[in-house]
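Notes follow once the structure below has been shown.
Within every chain, numbering begins at 1; the chains are lettered A, B, ... in the order of the sequence lines, protein sequences first and strands thereafter.
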4 protein chains.
Amino acid sequence: MANPDRSIDPRIMESAKEEFLSKSYEQVSLRDICSKAGVTTGALYNRFSNKEELFEALVAPTLALIEKFSEQTESNSYSFLDTNELLTIWELTPDTQASIINMLYDNYDGFRLLLCHADGSRHANFLHDFVDDVTDRSYRFVEEAYSRGVCKYLIDKEELHMLLTAYWSTMFEPLIHGLSREKALEHSGIVAKLFNWTNVLGF
Amino acid sequence: MANPDRSIDPRIMESAKEEFLSKSYEQVSLRDICSKAGVTTGALYNRFSNKEELFEALVAPTLALIEKFSEQTESNSYSFLDTNELLTIWELTPDTQASIINMLYDNYDGFRLLLCHADGSRHANFLHDFVDDVTDRSYRFVEEAYSRGVCKYLIDKEELHMLLTAYWSTMFEPLIHGLSREKALEHSGIVAKLFNWTNVLGF
Amino acid sequence: MANPDRSIDPRIMESAKEEFLSKSYEQVSLRDICSKAGVTTGALYNRFSNKEELFEALVAPTLALIEKFSEQTESNSYSFLDTNELLTIWELTPDTQASIINMLYDNYDGFRLLLCHADGSRHANFLHDFVDDVTDRSYRFVEEAYSRGVCKYLIDKEELHMLLTAYWSTMFEPLIHGLSREKALEHSGIVAKLFNWTNVLGF
Amino acid sequence: MANPDRSIDPRIMESAKEEFLSKSYEQVSLRDICSKAGVTTGALYNRFSNKEELFEALVAPTLALIEKFSEQTESNSYSFLDTNELLTIWELTPDTQASIINMLYDNYDGFRLLLCHADGSRHANFLHDFVDDVTDRSYRFVEEAYSRGVCKYLIDKEELHMLLTAYWSTMFEPLIHGLSREKALEHSGIVAKLFNWTNVLGF
DNA sequence: GATGAATGAGCCTTCATTCAT
DNA sequence: TATGAATGAAGGCTCATTCAT
């Protein structure tokens with residue numbers, strides 16, 4: 001039985017990360033991970049019940065960060081709603097953009113795992129799942145804004161989903177494509193110019 | 001020796017498509033494809049040299065279509081450039097958008113294969129490869145437009161790449177997400193509103 | 001049902017020879033032979049019942065030649081016995097040696113097939129089978145010679161077998177090793193010096 | 001990853017030896033070996049990376065023995081050269097012959113594997129490779145003897161190779177043919193009578 | 001807690017051979 | 001007579017996972 005609570009052998013995690021980053025989830029062999037880490041498969045199975053759980057452990061910090069980021073963004077939105085500073089959050093200021101890029105690059109490996117190497121794992125559709133979640137939160141917010149008369153009309157939820165997909169695909173793109181953080185920051189600016197949130201949402 | 005020129009047993013192709021559409025490339029078993037098709041694996045290997053080639057045959061028509069579409073779009077652009085009707089092509093009119101969506105949905109399975117189930121195959125990075133190609137073509141065009149003084153400045157190629165990634169990710173999104181053609185058409189309109197090409201490109 | 005009596009498509013034979021000469025019997029694929037010959041497997045199976053029979057057809061002329069050679073040598077021996085010219089045949093004169101080497105090199109491919117590429121086929125132990133046959137014939141002859149008082153003692157049959165193995169291994173060696181006919185002829189001379197038949201046989 | 005260093009399951013080795021001795025390398029199935037040994041193929045692959053390596057392990061002791069024998073024989077030759085007892089080593093005394101036969105029969109299975117069942121493996125040409133090595137060593141020795149004036153002329157290396165092929169083919173013959181050790185010893189004597197080394201080499 | 005040999009099912013691929021056309 | 005698609009069995013090999021030690 002796996003015991004994920006104990007501190008995990010860093011050699012395993014290091015080796016696992018390297019392997020998962022270098023090929024697709026299915027192509028990764030637990031044997032290879034273990035021999036590279038200098039441990040036996042039994043040792044690995046003492047900590048993780050299976051391949052999936054190992055991968056999970058690798059992306060868990062990133063997932064937690066995402067959750068925290070989403071919650072913070074959401075609560076920020078409501079504060080801005082209260083203070084009528086709506087535009088600040090939806091305008092995609094350079095600072096907002098930069099903070100997102102930095103969050104991504106601060107967790108470079110984790111995001112690459114989720115975006116490029118999760119096929120076959122539970123997170124195969126990470127981007128869509130993430131956008132689904134973002135959409136839910138945003139829609140609740142937009143409904144609230146609409147009910148308060150802050151936006152002129154209520155966007156369709158599916159449309160919102162697609163727009164957010166566009167936005168996040170674009171934001172993730174530099175990381176997926178292997179651009180440097182500097183390039184990514186530079187380009188996040190142009191994204192802001194591209195996306196007319198206020199226009200589309202009818203603020 | 002595989003002989004891909006002959007007409008291919010439709011049961012194999014049908015079964016292969018079903019399997020590849022239902023799981024990731026690597027998870028698909030040739031045994032399963034064959035037994036579902038009611039033939040032996042040997043029969044499959046009469047037509048295809050290996051798994052990759054079978055997958056290739058499945059997506060070949062879609063790939064050909066994409067090539068044709070790209071060439072046509074490119075040549076259209078230049079015609080518009082000659083007649084100074086530049087905006088027509090870059091403005092993402094409802095008609096343009098609809099014709100793209102229709103092309104996608106006319107090849108629903110092929111695009112789903114390429115976008116969602118190609119991991120592990122040669123087309124693992126289909127979207128990025130496609131956007132790379134589109135970017136090359138577009139950039140050549142933009143250079144020409146710039147040299148003729150039609151745009152005020154020349155966009156950076158990497159920026160263009162990212163913008164096109166955003167655009168195409170968004171266009172593919174309904175198909176990936178399983179929306180109906182009607183919904184997709186509907187939503188392609190809002191995409192047009194979102195993307196300020198003329199603004200960004202400096203036309 | 002195979003019909004070996006008809007004239008055989010020379011492309012098949014040519015291609016088969018090439019393949020069998022280039023790898024071991026088991027590694028040769030009938031598919032490869034056929035595709036190289038530009039015919040279908042069915043065509044091959046019209047002429048030969050199976051792989052073994054095809055190989056057989058390839059070495060048949062060589063086998064026939066060997067049989068003829070053996071018979072001739074045997075009958076020559078008896079003539080010499082009658083005329084008391086025994087030494088002539090057992091002395092391994094340069095001419096005798098040369099005629100053997102020439103017979104071998106006149107059927108270069110056939111002998112290489114039998115000596116080096118027959119593993120897995122009926123002729124896997126060609127050399128031993130050949131020497132067995134030669135031994136039988138020689139022993140009968142030696143018995144006759146002994147009964148006539150031409151040799152002082154009767155060699156043990158197993159010893160004779162081993163001596164003939166030594167002799168023929170040595171004679172085949174240049175062909176197996178890929179030496180030119182010229183080199184082989186040259187070396188066949190020294191073999192004659194090496195083998196003390198008369199000494200061993202007690203003539 | 002195979003770990004050939006550990007002690008190897010004797011059932012696998014036993015079964016493998018039986019299989020390899022009973023058919024040609026290519027005809028042997030790892031499945032058969034394993035099922036006969038009462039283990040799964042996976043168990044085999046824990047110890048050996050592939051079929052070749054398993055075969056290798058089976059013949060390794062014999063190969064090592066051969067190496068030791070060759071080195072010893074070589075160094076003995078040079079000692080005899082120093083003491084001018086040259087004839088002792090090249091005369092093929094009954095003792096020398098017997099010690100070779102005993103070495104062969106002490107490793108009966110290993111030599112049979114190498115001589116009769118290695119086709120398709122790395123040792124397909126064991127006899128020729130062995131004789132190549134022996135020839136190299138012998139030639140170096142003969143050169144030294146010649147330079148000291150111990151032999152009257154220097155034999156051609158290719159001739160030496162052929163003579164050694166003849167000698168060793170003859171020595172291996174009883175083993176290949178399945179003769180008993182006693183018969184083999186008996187016959188090794190006659191071989192000594194047959195080969196005129198001193199005559200040929202010009203000592 | 002770690003070992004690592006063993007499992008057992010599965011993988012892609014190849015083959016000699018057959019047979020309806 | 002030739003075709004060539006299909007068979008059916010087998011091949012070597014890999015894998016995540018288990019468990020006695």
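For E:dT14, neither phosphate oxygen OP1 nor OP2 lies less than 4.0 angstrom from any side-chain nitrogen or oxygen of B:Tyr45. Within the structure, every side-chain polar atom (N or O) of A:Asn46 is placed at least 4.0 Å from both OP1 and OP2 of E:dG1. Taking side-chain N and O atoms only, D:Thr40 has a distance below 4.0 Å to OP1 or OP2 of E:dT7.
A:Ser29 pairs by the side chain to side chain contact (heavy atoms under 4.5 Å, CB included) definition with A:Arg31, A:Asp32, not counting sequence neighbours. Legend: residues meeting side-chain hydrogen bond (donor to acceptor under 3.5 Å, both in side chains) with D:Asp132, ordered by chain and number and at least two apart, are D:His161. Residues passing the side chain to side chain contact (heavy atoms under 4.5 Å, CB included) test with D:Cys116 are D:Ile176, sequence neighbours excluded. For B:Lys36, the side chain to side chain contact (heavy atoms under 4.5 Å, CB included) test picks out B:Ser15, B:Glu18, B:Glu19, with sequence neighbours left out. By the side chain to side chain contact (heavy atoms under 4.5 Å, CB included) test, A:Leu65 pairs with A:Met103, A:Asn107, A:Phe111, sequence neighbours left out. Applying the side-chain hydrogen bond (donor to acceptor under 3.5 Å, both in side chains) criterion to B:Glu52, with sequence neighbours excluded, gives no partner residue. Under the side-chain hydrogen bond (donor to acceptor under 3.5 Å, both in side chains) criterion, D:Thr62 pairs with no residue at all, not counting sequence neighbours.
Judged as a salt bridge (Lys or Arg N to Asp or Glu O under 4.0 Å), the pairs with a partner in residues 109-119 of chain B (not counting sequence neighbours) are, in order, B:Lys17-B:Asp109.
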Can you give the dot-bracket line for DNA chain E, using ( ) for pairs inside the strand, [ ] for pairs that cross earlier ones, | for pairs with another strand and . for unpaired bases, where Watson-Crick and G-U count if both distances are under 3.5 Å? .||||||||||||||||||||
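Contact annotation: side chain of C:Asn50 to base of E:dA16, donor-acceptor pair absent below 3.5 Å.
Remark: C:Lys51 fails to qualify as a cation-pi partner of C:Phe20 under the 6.0 Å distance and 45° angle criteria applied to the six-membered ring.
Of the residues in residues 15-24 of chain D, none lies under 4.0 Å from DNA chain F by heavy-atom distance. The stretch residues 25-36 of chain B comes close to DNA chain E through B:Val28, B:Ser29, B:Leu30, B:Arg31, each having a heavy atom under 4.0 Å from the strand.
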Criterion side-chain contact (heavy atoms from CB on, under 4.5 Å) on B:Leu114 and B:Ile66, from CA distance to verdict: CA-CA 11 Å; B:Leu114 287 166; B:Ile66 291 170; 4.3 Å; yes
Got a list of side-chain donor-acceptor pairs under 3.5 Å for residues 120-127 of chain A, not counting sequence neighbours?
residue  : atom : partner  : partner atom : Å
A:Ser121 : OG   : A:Ala118 : O            : 2.7
A:Ser121 : OG   : A:His123 : N            : 2.9
A:Arg122 : NH2  : A:Glu56  : OE1          : 3.1
A:His123 : NE2  : A:Glu56  : OE1          : 3.0
A:His123 : NE2  : A:Glu56  : OE2          : 3.1

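Mapped onto DNA chain F by nearest heavy atom, B:Gly42 and D:Gly42 fall at different nucleotides, with B:Gly42 at the one closer to the 5' end. Comparing C:Glu52 and B:Thr41 by the nucleotide of DNA chain E whose heavy atom lies nearest to each, the residue mapping closer to the 5' end is B:Thr41.
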